[in-house]
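Heavy atoms only: backbone and side chains are in, while hydrogens, waters and symmetry mates are out. Throughout, numbering of the chain's residues begins at 1 and tracks the sequence.
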Amino acid sequence: MAVAYERKAFPPVPEIKRIGIIGAGQMGGGIAQVAATSGILVDLVDLSAERIEATLQRIDGLLDRQIAKGNLTAEEKEAALSRIHTGESFDKLSEADLVVEAATENEEIKKKIFRELVPHLKADALVASNTSSISITRLAAQTDRPERFIGMHFMNPVPAMKLVEVIRGIATEEETYQAIRRLAEKMGKQAVTAEDFPAFIVNRVLLPMINEAVYTLYEGVGTVESIDTAMKLGANHPMGPLELADFIGLDTALSIMQVLYEGLADSKYRPCPLLVKYVEAGWLGRKVKRGFYDYRGATPVPTR
Ligand SMILES: CC(=O)CC(=O)SCCNC(=O)CCNC(=O)[C@H](O)C(C)(C)COP(=O)(O)OP(=O)(O)OC[C@H]1O[C@@H](n2cnc3c(N)ncnc32)[C@H](O)[C@@H]1OP(=O)(O)O
Ligand SMILES: NC(=O)C1=CN([C@@H]2O[C@H](COP(=O)(O)OP(=O)(O)OC[C@H]3O[C@@H](n4cnc5c(N)ncnc54)[C@H](OP(=O)(O)O)[C@@H]3O)[C@@H](O)[C@H]2O)C=CC1
């Protein structure tokens, strides 16, 4: 016999004037910067005060570059910085109209974050994840509001990349979806809708290409430099695939491949053992100054 479910009554979706961001890494910092320069108040939360401080300094430097290019005035920079508030606990997120989670790409970490976040949320707050690959439906199920939960996947570097992928979970309501599309537009981004399958659109296509580049290196078909040069000059990519992997973060790249491999159960997504080895070594790419290139000197030096 069919069961009639009663639709849970929610307060109306708020206009998004204040966003909370969890994780002050490269993505959380980029989202904070773009939101603040778009006139949105930001509450940026991370476990580490040092990480928050480093991210604020990075934003400061990037805004100075925009001033030097004539894209921003000194007053606009100060106004943007004054919109960013920071903290180390979820208490800081109690006024947010939307919380965007941009913490480490690990399902268990994210699930724990969402469970702990719920008691701090306003009744009408929306929740989004910037996950690169993990099921929005599974993450939404950790909250009391899967109808108000969505994937809002920005690209790296956030200030420069025009795209936001918007991913609805099985329960996401139309009002939530429309509010996130309006926000993306307000932040100067173009939204593309992707269905909730492993790694969505961009990473379903991009990460197997990067993983194949690592196999190409592993099998000795080319060196780091020859593979990157070949793809930059031969396929007009702005960065070679190994340089791009370092830029994304090798831990994140490996997590995405694992989600594809497990989620689609197809051996074509098997993470390259050399990628696994770099991550095991802690050589996670640019963010730790070593990956397929060593960034500790004046110019990057290939590690193979
Ligand atoms: C893993 C995932 O889940 C999804 C992903 O994000 S996958 C990764 C997607 N990203 C890419 O593929 C990036 C590929 N690389 C590129 O497009 C280019 O190399 C690049 C845009 C990063 C830099 O381009 P460039 O021409 O060498 O540099 P440059 O001219 O100095 O910068 C272009 C713009 O990017 C900005 N920019 C460059 N690097 C930046 C950074 N690290 N952080 C913030 N902004 C940056 C610059 O400020 C500049 O902005 P304006 O146009 O407003 O002046
Ligand atoms: N890198 C990329 O190119 C892209 C990444 N993404 C996605 O964005 C998310 C973040 O990636 P990225 O910014 O690159 O990763 P980073 O490693 O740069 O940053 C992640 C941040 O989250 C923090 N963090 C971890 N656990 C918690 C927690 N429980 N509470 C608060 N903060 C926490 C980390 O702190 P600590 O270091 O102390 O652990 C770190 O500061 C991931 O889901 C990733 O897949 C999406 C698009 C592109």
- request: May I ask you to check whether over 12 heavy atoms, not counting those of Leu264, lie within 6.0 Å of atom CG?
  value: yes

Whether Lys111 side chain and Gln142 backbone form a donor-acceptor pair below 3.5 Å: no

Within one Ile-Leu-Val-Met-Phe-Trp-Tyr cluster: Leu47 and Leu117, side-chain cutoff 4.5 Å: no

4.5 Å side-chain heavy-atom contact, Glu88 and Ser48: no

message: With rounding to the nearest 0.5 angstrom, report the CD to CG distance, Glu280 to Leu250.
response: 12.5 Å

message: Take a 6.0 Å sphere around CD of Gln190 and say whether it holds more than 12 heavy atoms from other residues, nucleotides or ligands.
response: no

- request: Tell me whether Leu44 is reachable from Leu81 by hopping between hydrophobic residues (I, L, V, M, F, W, Y) whose side-chain heavy atoms are closer than 4.5 Å.
  value: yes

Main-chain N/O of Pro11 paired with Asp124 side-chain donor or acceptor, under 3.5 Å: no

message: Is it true that, when you exclude Lys277 itself, more than 12 heavy atoms of the residues, nucleotides or ligands shown sit nearer than 6.0 Å to its NZ?
response: no

message: For Gln258 and Glu262, which I'm curious about, is there any donor-acceptor pair between the side chains at under 3.5 Å?
response: no

- request: I would like to know whether Ile134 and Asn106 meet side chain to side chain contact (heavy atoms under 4.5 Å, CB included); could you show each step before the answer?
  value: CA-CA 8 Å; Ile134 300 167; Asn106 173 303; 6.0 Å; no

query: Do Asp196 and Arg168 pass the side chain to side chain contact (heavy atoms under 4.5 Å, CB included) test, and can you show the C-alpha distance, the side-chain angles, and the key distance before you say yes or no?
result: CA-CA 6 Å; Asp196 190 16; Arg168 283 174 288 205; over 6 Å; no

- request: Without swapping roles, check the side chain of Ser135 against the backbone of Thr137 for a donor-acceptor pair under 3.5 Å.
  value: yes

Distance-only check: which donor-acceptor pairs under 3.5 Å involve side-chain atoms of residues 92-99, not counting sequence neighbours?
| from | atom 1 | to | atom 2 | distance (Å) |
| --- | --- | --- | --- | --- |
| Ser94 | OG | Asp91 | O | 3.3 |
| Asp97 | OD1 | Lys122 | NZ | 2.6 |
| Asp97 | OD2 | Lys17 | N | 2.9 |
| Asp97 | OD2 | Arg18 | N | 3.0 |

- prompt: Counting only N and O atoms by type, is there a donor-acceptor contact under 3.5 Å from the side chain of Gln26 to the main-chain atoms of Ile248?
  reply: yes

task: Please determine if Glu243 and Lys232 form a salt bridge, counting it only when a charged side-chain N lies under 4.0 Å from a carboxylate O.
output: yes

field: Gly222 backbone acceptor or donor facing Ser226 side chain under 3.5 Å
entry: no

- line: Shortest non-hydrogen pair, Ile136 vs Gly169, comes out as CG2-N, 3.7 Å

- prompt: Under 4.5 Å between any side-chain heavy atoms of Leu63 and Gln33, yes or no?
  reply: yes

- prompt: Got a donor-acceptor contact below 3.5 angstrom from the Thr216 side chain to the Glu212 backbone?
  reply: yes

message: Test of understanding: with ring-ring contact (aromatic ring centres under 6.0 Å, His included), list the residues that count as partners of Phe114, not counting sequence neighbours.
response: Phe149

- prompt: Any side-chain heavy-atom pair from Met27 and Asn156 closer than 4.5 angstrom?
  reply: yes

- request: Answer yes or no: is there a side-chain heavy-atom contact under 4.5 Å between Ile167 and Glu195?
  value: no

field: Cationic N near anionic O, under 4.0 Å, Glu116 to Lys112
entry: yes

query: With no hydrogens and no angle check, do the side chains of Glu105 and Ser133 hold a donor and an acceptor under 3.5 Å apart?
result: yes

message: If you define the side chain from C-beta out and look only at heavy atoms, does anything of Tyr295 sit under 4.5 Å from Val288?
response: no

query: Counting only N and O atoms by type, is there a donor-acceptor contact under 3.5 Å from the side chain of Glu165 to the main-chain atoms of Ala191?
result: no

message: Can a donor-acceptor pair be found, under 3.5 Å and without considering hydrogens, that links the side chain of Asn211 to the backbone of Cys272?
response: yes

- prompt: Above 12 or not: heavy atoms from other molecules or residues under 6.0 Å from CD of Glu185?
  reply: no

task: Verify the cluster assignment for Leu72 and Met187: are they in a single hydrophobic cluster under the rule of side-chain heavy atoms below 4.5 Å apart?
output: yes

task: Can you see which heavy atom on Ile31 is nearest to which on Ala102, and at what distance?
output: CD1-CB, 4.3 Å

- request: Determine, for Asp246 against Lys287, whether the closest basic-nitrogen to carboxylate-oxygen distance falls under 4.0 angstrom.
  value: no

task: Please test Met209 against His237 for side chain to side chain contact (heavy atoms under 4.5 Å, CB included), starting from the C-alpha separation and ending with a verdict.
output: CA-CA 12 Å; Met209 189 274 289; His237 289 196; 3.8 Å; yes

field: Qualifying residue for side-chain contact (heavy atoms from CB on, under 4.5 Å) with Ile84, from Asp43, Val42, Thr55
entry: Val42

message: According to a hydrophobic-cluster definition based on side-chain heavy atoms being under 4.5 Å apart (Ile, Leu, Val, Met, Phe, Trp, Tyr only), do Met152 and Ile16 belong together?
response: yes

- prompt: Is the NZ or CZ atom of Arg286 both under 6.0 Å from the centre of the six-membered ring of Phe247 and within 45° of that ring's axis?
  reply: no

message: For Thr37 and Arg83, which I'm curious about, is there any donor-acceptor pair between the side chains at under 3.5 Å?
response: no

query: So does Gln66 have more than 12 non-hydrogen atoms from other groups sitting under 6.0 Å from CD?
result: yes

Least distance between heavy atoms, Val34 atom then Pro159 atom: CG2-CA, 3.6 Å

Carboxylate-amine/guanidinium contact Asp64 Lys77, below 4.0 Å: yes

message: For Arg270 and Tyr215: C-alpha separation, side-chain torsions, deciding distance, then whether side-chain hydrogen bond (donor to acceptor under 3.5 Å, both in side chains) applies.
response: CA-CA 10 Å; Arg270 187 169 72 100; Tyr215 270 115; 3.2 Å; yes

- prompt: If Ile, Leu, Val, Met, Phe, Trp and Tyr residues are connected whenever their side-chain heavy atoms lie under 4.5 Å apart, and connections chain through other members, are Phe154 and Ile40 in the same group?
  reply: yes

- prompt: So, Arg204 versus Tyr269: side-chain donor-acceptor pair below 3.5 Å or not?
  reply: yes

message: So which atom in Ala245 and which in Ile210 form the shortest heavy-atom distance, rounded to 0.1 Å?
response: CB-CG2, 3.7 Å

message: If I compare all heavy atoms of Leu274 with all of Leu217, which pair ends up nearest, and what's the gap?
response: CD2-CD2, 3.7 Å

query: Do Ser267 and Tyr261 get their side chains close enough for a donor-acceptor pair, meaning under 3.5 Å?
result: no

field: Asp294 side chain to Thr303 backbone, donor-acceptor under 3.5 Å
entry: no

message: Is any side-chain heavy atom of Val214 closer than 4.5 Å to one of Ile227?
response: no

field: Derivation and outcome, side chain to side chain contact (heavy atoms under 4.5 Å, CB included), residues Thr172 and Glu147
entry: CA-CA 4 Å; Thr172 311; Glu147 297 83 353; over 6 Å; no

Residue pair Leu163 / Val202, side-chain heavy-atom distance below 4.5 Å: yes

- line: Value for CG (Leu126) from CD1 (Ile19), rounded to nearest 0.5 Å, stands at 11.0 Å

query: Hey, does Ile113 have a side-chain heavy atom less than 4.5 Å from the side chain of Phe90?
result: yes

message: Please determine whether side-chain hydrogen bond (donor to acceptor under 3.5 Å, both in side chains) holds for the pair Arg181 and Thr193, giving the CA-CA distance in whole Å, both sets of side-chain angles, and the decisive distance to 0.1 Å.
response: CA-CA 9 Å; Arg181 288 195 67 112; Thr193 305; 3.0 Å; yes

- line: What one should report as the nearest heavy-atom pair of Asp46 and Gly25 is OD2-N, 4.3 Å

query: Counting N and O atoms only, with roles assigned by atom type, does the side chain of Arg145 sit under 3.5 Å from a partner on the main chain of Ala125, one being a donor and the other an acceptor?
result: yes

query: What class does the angle between the rings of Trp283 and Tyr278 fall in, given that below 30° is parallel, 30 to 60° is tilted and above 60° is perpendicular?
result: perpendicular

